[in-house]
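I have placed the structure first, in the form of structure tokens, so that the comments after it can refer back to it.
First the proteins, then the strands, lettered A, B, ... as listed; each starts at 1. Treat the numbers as computed from the prediction; the structure is a model and nothing was measured.
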Amino acid sequence: MAFPSINEQMDVIKRGTVEVLPEEELVKKLERSQKENKPLIIKQGFDPTAPDIHLGHTVGIRKLRQFQELGHQVVVIIGDYTAMVGDPSDKKSTRPRLSHAQVMEHAQTYQDQFFKILDKSKTIVRFNGDWFKKMTFEQIMGMAATFTVARMLERDDFAKRYAAQLPISIHEFFYPLMQGYDSVEIKADVELGATEQKFNLVIGRHIQKEYDMEPQIILTMPVLEGLDGKQRMSKSLGNYIGIDEPANEIYGKTMSIPDDAIYRYFELVTDVSAEELERIKSQLADPAVNPRDLKSYLGRTLVRMYHDEKAADAAEEAFRNLFVKKDVPDDMPEFTLGGGAMRIDEVMLATKTCDSKGAARRLIKGGAVSLDGEKISDPFFTVDLSAEHVLKVGKRKFARLKTA
RNA sequence: GGGGAGAUAGCGAAGCGGUCAAACGCAACAGACUGUAAAUCUGUCGGCCAAGUGCCUUCGGAGGUUCGAAUCCUCCUCUCCCCA
């Protein structure tokens, strides 16, 4: 197998990457890989805590893809063991431990989604439970002995929690160790992670050295902002765009990001060329250009990546109709609520367009509810169910009421 | 092991016997304005009932004192700090 030249490879690797540590070592590894015609082992880990891959994850996954295209070997670690241990960072709501079956289920959906980006035939997937469940206590002690508490407390989030007098459990210290040990097991040459992962990645280097192994190079990738444009995109914050979501969702969510996030999204999660990026940047700075149009372009690009061109057209069209022309969408949940009449708050509860009847009344009072385009202001309004209706609650919630 | 402080709604944080379904800030939701952007303004932000000086469930958990407890007492659980 022929690898591209070192310079070409470095160009690809460094594009969009925050840090390559240490760069000279990577060059050496690449040189050796080329001389021996042996691909480097590129690692990234994922905890299958919830079964959705979102755009934030794709920043790293897309980089993995580039490594594949350069001819290197990608190894994806599914952290089934770490996921089963359960992340205790949110002490209040002691997160339910995931059963092995759940983990495997999540792992499956993860993989389905990985391979929307990665080349399946060139990817090795490993579960870290494979080695951790076989470890003896002696081996665990050995692993734990490779690191000190003082260094562990250097990690930013531990330091902050410690300073804020928040609890830190001992086993949380095992997280970075385990992640580092994964690198030993698969003999990683390079590990990718978001910038916030830097500490864990560096521990991987340290542990590999302890196990008499050449340390991995670490590549940190930028953290993508979520839909609010401020906080990181994450499942727990609910501000994400999943790559498995329907086209309309991907497009619609994209349209809701703030203007100053547009460039970041183009840069981090799309394939547009460097020249195109420049053009986008200058357009964003041009007051004559409506940023909405660039956002629409972004939304279309993303839908095209995870669906296709047709879906992009349809999503844009649906969005226009819904929010610009204020038409009702074609697709909406349908409900058959039996015949006769039903009070509006009960209809809202039945169609899950509100959480409680009290909430329904508040929404009605706030002018958020309409039926067939007519605003409802009477909380005791009775809906005639012998005819079909379209219920709208807020900007986005719709329900079609069918007759029995 | 000893001593001290603390646990309040999604988060932060007041309240320290009745006027508490609990101030305030953030987040969230809705309305106005818009480009489903931002900013701003307004309203809402435990559940139920045709809605009231109404009923039910909530201030870590279990009991108790009291006409009345987020507030006082006892025990328990958890957390942080100092000492060993």
Side-chain angles (χ1 to χ4, degrees), chain A residues 88-95 153 158-170 172 225-232 234-241 245 247-266 280 283-284 286-300 315-329 332 341-350 352-370 375-383 391-398:
Chain A
S89 61
D90 182 13
K91 259 297 189 204
K92 283 266 163 58
S93 60
T94 306
R95 202 172 286 190
L153 285 173
F158 283 148
K160 279 193 187 131
R161 281 162 68 186
Y162 194 66
Q165 309 194 347
L166 292 169
I168 302 173
S169 301
I170 298 291
E172 293 185 70
E225 291 78 16
L227 299 178
D228 53 13
K230 289 184 198 121
Q231 288 177 284
R232 58 183 303 244
S234 87
K235 285 174 277 202
S236 48
L237 291 171
N239 62 355
Y240 69 96
I241 301 177
E245 294 194 70
N248 286 358
E249 282 297 307
I250 293 180
Y251 186 88
K253 283 184 177 181
T254 304
M255 291 305 281
S256 79
I257 67 170
D259 292 352
D260 39 9
I262 295 174
Y263 184 79
R264 288 280 285 177
Y265 274 58
F266 268 116
I280 289 162
Q283 289 215 324
L284 279 167
D286 181 351
V289 177
N290 188 338
R292 185 199 49 179
D293 297 332
L294 288 163
K295 215 148 68 169
S296 167
Y297 173 35
L298 173 64
R300 292 182 52 97
E316 184 171 29
E317 175 76 18
F319 182 85
R320 285 242 167 91
N321 286 340
L322 184 51
F323 293 109
V324 181
K325 292 197 216 149
K326 300 217 192 295
D327 278 354
V328 293
M332 65 175 91
M342 201 182 213
R343 220 169 54 205
I344 185 73
D345 53 341
E346 282 165 354
V347 172
M348 287 169 70
L349 200 60
K352 300 189 177 71
T353 45
C354 66
D355 295 326
S356 71
K357 289 192 196 175
R361 295 196 187 199
R362 281 181 231 122
L363 287 166
I364 293 163
K365 224 163 77 184
V369 179
S370 66
K375 192 165 277 190
I376 304 287
S377 51
D378 174 13
F380 303 116
F381 182 87
T382 305
V383 181
L391 175 70
K392 183 182 181 199
V393 178
K395 281 177 213 148
R396 310 188 45 178
K397 287 189 206 146
F398 288 89

What's the [atom1]-[atom2] distance between [X] and [N], to the nearest Å?
| X | N | atom1 | atom2 | answer |
| --- | --- | --- | --- | --- |
| A:Ile364 | B:A51 | CD1 | C1' | 14 Å |
| A:Glu316 | B:G35 | CD | C1' | 13 Å |
| A:Tyr162 | B:U79 | OH | P | 14 Å |
| A:Gln231 | B:A27 | CD | C1' | 8 Å |
| A:Met348 | B:C29 | CE | P | 15 Å |
| A:Met255 | B:G35 | CE | P | 11 Å |
| A:Leu284 | B:G35 | CG | C1' | 14 Å |
| A:Arg361 | B:G47 | CZ | P | 12 Å |

Out of [options], whichever nucleotide has its closest atom nearest the side chain of [X]:
| X | options | result |
| --- | --- | --- |
| A:Lys357 | B:G47, B:G31, B:C49 | B:C49 |
| A:Arg292 | B:A51, B:G35, B:A37 | B:G35 |
| A:Phe380 | B:A50, B:G35, B:A32 | B:A50 |
| A:Leu363 | B:A50, B:C29, B:C81 | B:C29 |
| A:Asn290 | B:C81, B:G35, B:A30 | B:G35 |
| A:Arg362 | B:C45, B:G35, B:C48 | B:C45 |

* To do: Could you tell me whether the phosphate oxygens of B:G35, OP1 or OP2, come under 4.0 Å of any side-chain nitrogen or oxygen in A:Lys295?
  =>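 Answer no for this pair, as no side-chain N or O of A:Lys295 is under 4.0 Å from OP1 or OP2.
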* If only side-chain N and O atoms of A:Ser356 are considered, is one of them under 4.0 Å from the OP1 or OP2 phosphate oxygen of B:G47? ->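 Answer yes for this pair, as a side-chain N or O of A:Ser356 is under 4.0 Å from OP1 or OP2.
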* **Upstream residue (5' side of RNA chain B) when A:Gly358 and A:Val369 are each assigned their closest nucleotide** =>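 This one resolves to A:Val369.
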* Starting at the 5' end of RNA chain B, which residue's closest nucleotide do you reach first, A:Ala359 or A:Asp228? ->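 With A:Ala359 and A:Asp228 compared, the 5'-side residue is A:Asp228.
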Donor-acceptor check, side chain of [X] to backbone of [Y], threshold 3.5 angstrom: yes or no?
| X | Y | result |
| --- | --- | --- |
| A:Tyr240 | A:Arg232 | no |
| A:Ser296 | A:Arg292 | no |
| A:Lys253 | A:Leu227 | no |
| A:Ser169 | A:Glu172 | no |

Separation between the [atom1] atoms of [N] and [M], rounded to whole Å:
| N | M | atom1 | value |
| --- | --- | --- | --- |
| B:U74 | B:U40 | P | 49 Å |
| B:G46 | B:G10 | P | 9 Å |
| B:C78 | B:A14 | C1' | 23 Å |
| B:G31 | B:G17 | C1' | 41 Å |
| B:A22 | B:A32 | P | 28 Å |
| B:G12 | B:G63 | C1' | 31 Å |
| B:C11 | B:A28 | C1' | 11 Å |
| B:U19 | B:A23 | C1' | 14 Å |

* Carboxylate-amine/guanidinium proximity below 4.0 Å for A:Asp345 and A:Arg361 ->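 Result for this pair is yes, salt bridge flagged.
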* Asked: Nearest heavy-atom pair of A:Ile241 and A:Thr254: which atoms, and what distance?
  ->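 Where A:Ile241 meets A:Thr254 most closely, the heavy atoms are CD1-OG1, 3.7 Å.
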* To do: Measure across A:Leu349 and A:Cys354 and return the closest heavy-atom pair with its distance rounded to 0.1 Å.
  =>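 Scanning both residues completely, I find the closest heavy atoms to be N-SG, 3.7 Å.
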* Looking at A:Asp355, A:Val383, A:Thr353, which one forms a side chain to side chain contact (heavy atoms under 4.5 Å, CB included) with A:Met348? ->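 Answer to the side chain to side chain contact (heavy atoms under 4.5 Å, CB included) test with A:Met348 among A:Asp355, A:Val383, A:Thr353: A:Thr353.
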Pair assignment for [N], Watson-Crick or G-U wobble, requiring both distances under 3.5 Å:
| N | answer |
| --- | --- |
| B:U19 | none |
| B:A84 | none |
| B:G35 | none |
| B:G68 | none |
| B:C26 | B:G10 |
| B:C75 | B:G61 |

* Asked: Would you say the side chain of A:Asp259 and the base of B:G35 hold a donor-acceptor pair, judged only by whether the two atoms sit under 3.5 Å apart?
  ->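 For A:Asp259, whose side chain was compared with the base of B:G35, there is a donor-acceptor pair (under 3.5 Å).
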Looking for any heavy atom pair under 4.0 Å, which part of the strands does [X] touch: base, sugar-phosphate only, or nothing?
| X | answer |
| --- | --- |
| A:Gly229 | nothing |
| A:Ile262 | nothing |
| A:Leu227 | nothing |

